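Remarks on the structure that follows.
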Amino acid sequence: MRTLRWAQRALIVLVSTLPLLVVTLAFVPALLVLPFLRHRAPHSQAMVRQLTAWTRALLLSSRER
């Protein structure tokens with residue numbers, strides 16, 4: 001039973017990581033440019049906070065149950 005739960009958690013993380021990686025790669029160009037524009041710095045900070053929140057949610061959801 002424990003092995004099945006572990007496998008299920010690993011599968012959830014693997015499946016959820018792919019969209020997270022795609023979004024992160026899509027953000028990279030913006031994160032390379034936006035911090036250097038003063039009026040866009042808050043926007044880049046918000047993007048990083050959102051990526052952090054998504055990553056945290058992904059990791060915590062795999063531990064539930």
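Small disclaimer: the values here were computed from a predicted structure and weren't measured.
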Linking Ile, Leu, Val, Met, Phe, Trp and Tyr through side-chain heavy atoms less than 4.5 Å apart, which residues share a cluster with [X]?
{"X": "F36", "answer": "none"}
{"X": "L32", "answer": "V28"}
{"X": "L25", "answer": "none"}
{"X": "L11", "answer": "V15"}

Can you list, pair by pair, the side-chain donor-acceptor contacts under 3.5 Å of residues 41-55, counting residues two or more places apart and other chains?
unit_1	atom_1	unit_2	atom_2	d
S44	OG	A41	O	2.7
T52	OG1	V48	O	2.8
T55	OG1	L51	O	2.9

